[in-house]
Amino acid sequence: MNIINLYENYNSYFDAGFKAIFELCSKIALKNGYQLYLIGGLVRDLLLNQNSLDIDITVEGDAIKFARILESEAKVKILSVHKNFGTIKVEINGKKIDFASTRSETYPKKGHLPHVDRIGCNLKEDIFRRDFTVNALAMSLNQGSFADLIDYADGLDDLKNKKIRVLHAKSFVDDPTRIIRALKYSSRLGFEIEENTLKLQETYLKNVNYDMCNKRIKNELKKTLNEYSQEIFEKFINQKIYRLISQKEFKIPQIGIENLIAKYKPKHPWLVYLGLIAIFESDVLSDKLELTKNEKDIILNAKRLYNSNLNEDFEIYKNFMAQKLETLLILAISGQEKQVLHYLEDLAKVKLSINGKDLLELGFQPSKLFGEGLDFVLKEKLKNPHMKKSQELEIIKDYLNPIA
Ligand code: ATP
């Protein structure tokens with residue numbers, strides 16, 4: 001097998017700070033008999049010369065012990081430790097690094113968190129527990145083989161051919177969240193899902209095992225749908241990936257969701273997509289996805305308003321004013337585009353200049369008529385948005401005077 005050395009990629013990809021850290025780790029590893037590797041998404045991104053989100057180093061052996069040695073020999077701050085998975089997050093010279101012990105895993109309960117069989121297994125076993133070949137690349141940080149690529153799963157070929165490929169035929173059965181991860185990578189990297197992988201995906205989606213850890217599905221959905229939009233969502237629907245959360249058939253609406261999201265920038269775009277499905281499939285709202293109260297409310301409010309036939313400006317204003325942007329966007333893409341856009345573009349800008357305090361100052365006694373009066377002024381102001389405060393006061397005086 002030809003050994004491919006990535007020193008040139010390494011040298012241009014990392015800044016001097018990271019290189020100094022890797023070289024320090026490499027020295028300490030040699031002195032203490034450890035083998036270290038950059039791994040996973042980082043090696044993929046290094047080869048593609050794309051920014052990577054995390055710096056992951058795998059220690060062949062016990063990463064926690066290694067990090068403790070590092071701590072005793074250099075200025076290292078331990079940020080968090082997960083004994084069960086043998087992982088430890090540290091900060092060195094202001095940079096955060098995740099060290100993970102090599103580990104082998106099995107899935108005794110399909111669709112749930114894997115069982116860690118062994119912490120400190122050999123690198124090859126650690127590689128083969130991973131999701132896709134392009135995420136199963138490693139780069140040596142060890143003296144003598146520094147920057148050598150380790151490619152047990154032929155990930156480099158798939159990277160060159162832009163393919164997302166699972167490592168074995170039971171991959172999606174073990175962990176269906178990988179279907180959403182494949183969608184994420186295919187869109188992010190512009191890769192295709194390899195033919196056999198796509199078949200495995202289709203087969204799984206025809207017969208989803210709903211006894212799975214939905215919280216993990218939720219987390220992957222959130223990451224994926226928040227990061228990308230229309231294209232991801234279209235594939236989510238067209239490839240029937242939604243079957244992971246809904247047993248109802250679903251068609252994509254004929255409206256540019258992406259444009260709406262790009263224009264109004266909701267904080268949680270994934271909830272807009274999820275809400276669209278939830279409107280037609282109540283099961284999504286059951287406790288299985290472990291939605292927070294806030295997430296549920298956003299969707300429930302959209303569901304409540306979905307059948308309302310709002311036509312008058314005042315009605316639209318009163319019903320929409322307290323809603324989160326995500327709720328309004330769910331309504332827009334599920335049939336009320338005209339009302340929602342009219343609200344967001346025009347009505348929402350209308351604000352009364354007067355309030356109850358002004359009425360007290362005018363000498364009116366507090367009463368429930370205040371609310372009615374203010375609504376009356378609002379109705380007028382929606383017809384004439386440029387109305388001044390003095391005009392608002394005149395209208396409310398007229399409204400309240402006969403009964404004041
Ligand atoms: P991102 O850039 O989105 O963080 P990443 O590839 O770094 O992508 P992570 O979710 O941070 O992905 O996971 C790090 C690595 O752990 C992956 O590259 C993959 O090798 C492995 N991994 C993550 N999730 C799974 C999973 N569900 N099954 C198998 N391996 C996984």
Side-chain angles (χ1 to χ4, degrees), residues 13 37-60 63 80 82 85-89 96-117 119 121 123-139 149-156 158-159 163-191 193 197 200-201 204 209 212-228 232 241 244 270:
Y13 188 78
Y37 304 88
L38 297 186
I39 203 138
L42 178 58
V43 180
R44 177 199 68 216
D45 292 338
L46 175 130
L47 281 159
L48 294 171
N49 199 20
Q50 292 195 353
N51 271 348
S52 209
L53 300 175
D54 306 309
I55 302 293
D56 294 317
I57 296 183
T58 283
V59 179
E60 199 169 22
S80 59
H82 290 280
F85 284 92
T87 58
I88 181 162
K89 196 183 199 67
K96 293 189 177 121
I97 307 222
D98 289 299
F99 285 99
S101 312
T102 42
R103 63 177 192 263
S104 57
E105 294 174 339
T106 44
Y107 288 81
K109 215 171 162 206
K110 305 290 175 203
H112 289 258
L113 264 183
H115 176 261
V116 177
D117 285 338
I119 289 188
C121 63
L123 180 69
K124 198 165 182 176
E125 281 179 90
D126 181 281
I127 292 283
F128 279 103
R129 75 170 167 83
R130 289 171 187 270
D131 48 3
F132 307 111
T133 59
V134 294
N135 285 346
L137 293 158
M139 190 200 94
L149 177 70
I150 289 126
D151 184 13
Y152 293 126
D154 293 332
L156 188 60
D158 284 334
L159 204 70
K163 300 277 185 208
I164 303 293
R165 184 194 305 267
V166 283
L167 296 176
H168 58 89
K170 290 269 178 286
S171 187
F172 294 140
V173 178
D174 282 347
D175 182 356
T177 64
R178 292 174 183 159
I179 293 178
I180 305 171
R181 292 176 63 81
L183 173 65
K184 173 175 84 175
Y185 293 120
S186 69
S187 258
R188 183 199 291 178
L189 306 172
F191 283 19
I193 299 180
T197 302
L200 293 169
Q201 175 178 310
Y204 184 80
N209 164 19
M212 63 170 112
C213 177
N214 286 291
K215 194 166 183 192
R216 297 181 69 220
I217 294 278
K218 173 188 166 184
N219 288 340
E220 289 295 344
L221 267 185
K222 196 168 166 176
K223 271 201 253 171
T224 305
L225 293 174
N226 266 348
E227 214 174 306
Y228 310 95
I232 286 258
I241 300 174
L244 292 173
W270 78 284

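Here the structure is a predicted model, which means the values were calculated and not measured. Both ligands and their constituent atoms are indexed starting at 1 by order of listing. For the numbers below, each heavy atom of this structure counts, side chains included, while hydrogens, waters and symmetry mates do not.
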- Task: Determine yes or no for a side-chain-to-main-chain donor-acceptor pair under 3.5 angstrom, with Asn226 supplying the side chain and Trp270 the backbone.
- Result: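 Side chain of Asn226 to backbone of Trp270: a pair is present.
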Would you list the atom pairs, donor with acceptor, under 3.5 Å between side chains in residues 164-179 and any protein atom, with sequence neighbours excluded?
{"unit_1": "Arg165", "atom_1": "NE", "unit_2": "Asp158", "atom_2": "OD1", "d": "3.2"}
{"unit_1": "Arg165", "atom_1": "NE", "unit_2": "Asp158", "atom_2": "OD2", "d": "2.8"}
{"unit_1": "Arg165", "atom_1": "NH2", "unit_2": "Asp158", "atom_2": "OD1", "d": "3.0"}
{"unit_1": "His168", "atom_1": "ND1", "unit_2": "Lys170", "atom_2": "N", "d": "3.3"}
{"unit_1": "His168", "atom_1": "ND1", "unit_2": "Ser171", "atom_2": "N", "d": "3.4"}
{"unit_1": "Ser171", "atom_1": "OG", "unit_2": "Arg178", "atom_2": "NH1", "d": "2.9"}
{"unit_1": "Asp174", "atom_1": "OD1", "unit_2": "Lys110", "atom_2": "NZ", "d": "2.9"}
{"unit_1": "Asp175", "atom_1": "OD1", "unit_2": "Thr177", "atom_2": "N", "d": "3.0"}
{"unit_1": "Asp175", "atom_1": "OD1", "unit_2": "Thr177", "atom_2": "OG1", "d": "2.5"}
{"unit_1": "Asp175", "atom_1": "OD2", "unit_2": "Thr177", "atom_2": "OG1", "d": "3.3"}
{"unit_1": "Asp175", "atom_1": "OD2", "unit_2": "Arg216", "atom_2": "NH2", "d": "3.1"}
{"unit_1": "Arg178", "atom_1": "NH1", "unit_2": "Ser171", "atom_2": "O", "d": "3.1"}
{"unit_1": "Arg178", "atom_1": "NH2", "unit_2": "Tyr107", "atom_2": "OH", "d": "3.0"}

- Query: Below 4.5 Å, heavy atoms only, C-beta onward: do Asp126 and Arg103 meet side chain to side chain?
  - Reply: yes
- Query: Does some side-chain heavy atom of Leu42 sit less than 4.5 Å from a side-chain heavy atom of Tyr13?
  - Reply: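 They are in contact (side-chain heavy atoms under 4.5 Å apart), so the answer is yes.
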- Query: Would Ser104 and Asp117 count as having a side-chain donor-acceptor pair, cut-off 3.5 Å?
  - Reply: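 On atom types as modelled, these side chains do not qualify, holding no pair under 3.5 Å.
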- Item | Side-chain ion pair, Arg188 and Glu227, N-O less than 4.0 Å |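 Here Arg188 pairs with Glu227 in a salt bridge, since their nearest N and O are under 4.0 Å apart.
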- Query: Name the residues in contact with ligand 1, where contact means a heavy atom under 4.0 Å away: which are they?
  - Reply: Gly40, Gly41, Arg44, Leu53, Asp54, Arg129, Arg130, Asp131, Asn135, Asp175, Thr177, Arg178, Arg181, Lys184, Tyr185, Arg188, Arg216, Lys223
